[in-house]
Amino acid sequence: MLQGQKALVTGANSGIGKATAIGLGRAGADVVVNYIADRAAAEKVVKEIERSGVRAYAHEADVSQEDQVTGMIATMVEEFGTIDILVANAGLQRDAPVTEMSLDYWRKVLDVNLTGQFLCAREAVKEFLRRGVVPEVSRAAGKIICVSSVHQIIPWAGHVNYASSKGGVQMMMATLAQELAPKRIRVNAVAPGAIRTPINRSAWETQSAEADLKKLIPYGRVGDPEDIASAVVVMASDLLDYVVGTTLYVDGGMTLFPGFETGG
Ligand code: BGC
């Protein structure tokens, strides 16, 4: 589905990013595995991707640092020739009730989750514009998939930094989509619900926590990273060439306000 395409996945050494990087490789893309900590884990992801017969390498960079992002994309253009797909995935939580939320926590989450996506998108777009459409590769000059969250629309008490960052991702995505569609660049988002990854371990690691979590999920199961990976692969492919500026919620129905099934 993505033969010959070059993809960058940020935060690809674990969780959703890892599954997505492996999924893109299975679909035929060469993949850069970005990470900030745990090189060994990133190298394992590279090995797994290479089993699909495509190229991959790991690149350490903090997506919130402009020079590191510029360097990462420049290296990718040297190594792979270009970039066709950016999956802006790197993200984190630093949770606290508002009165205890330090400016550091606020800034860290906004810097990584929102500014990090912006910097990666900006640098990828420069290369998309330089290269233009290559019809044998894809109908688009480039594809950006922002990994957002159900919390781009569901308010989340105790997580004001995180929810604000994802609300920002939604508007950044839509604005970039509007600005870049005339250049044949597709910008979209995939918004996961509760996915079994290290970021929300406490929400699923005990039976009772998982039972509580499932009350928020009409479909009745916690998501797997592969659920998101397949959505991203299809979103990046020409099968969805006419999809521009949308968010695909991959959440087992979490955004259907399940509390209203009986209430209201
Ligand atoms: C958060 C998880 C949370 C999920 C559903 C995600 O964006 O990172 O911690 O479980 O949303 O609330």
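Because only heavy atoms are used, hydrogens play no part in the values below, and waters and symmetry mates are left out as well, while side chains stay in. Counting convention: from 1, in listed order, for ligands and their atoms alike.
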Above 12 or not: heavy atoms from other molecules or residues under 6.0 Å from CZ of Arg122? yes
Which protein non-hydrogen atom lies closest to [atom], naming both residue and atom, and how far is it?
atom: atom 4 (C) of ligand 1; value: Gly193 O, 3.6 Å
atom: atom 10 (O) of ligand 1; value: Asn200 ND2, 3.3 Å
atom: atom 6 (C) of ligand 1; value: Tyr162 OH, 3.6 Å

Can an N or O of Trp156 be found at a distance shorter than 3.5 Å from an N or O of ligand 1? no
Results of side chain to side chain contact (heavy atoms under 4.5 Å, CB included) for Glu60 - residues two or more places apart only: Tyr35
Could you pull out all residues at least two apart from Pro225 that satisfy side chain to side chain contact (heavy atoms under 4.5 Å, CB included)? Ala19, Ile195, Thr197
Within-shell test, Ala203 vs ligand 1, heavy atom, strictly < 4.0 Å: no
Subset of ligand 1 atoms that lie under 4.0 Å from at least one heavy atom of Gln93: 1 (C), 2 (C), 8 (O), 9 (O)
A student checking ligand 1 against Ser149 at a 4.0 Å heavy-atom cut-off should list atoms 6 (C), 7 (O), 11 (O)
Counting distance only, does the side-chain N/O of Gln117 pair as donor-acceptor with the main-chain N or O of Ala88 below 3.5 Å? yes
Assess, by modelled atom type and distance only, whether the side chains of Asn188 and Thr246 contain a donor and an acceptor separated by less than 3.5 Å. yes
To the nearest 0.5 Å, atom CZ of Arg94 lies from atom OG of Ser165 at 12.0 Å
With heavy atoms only and a cut-off of under 4.0 Å, state how His151 meets ligand 1: side chain, backbone, both or neither. side chain
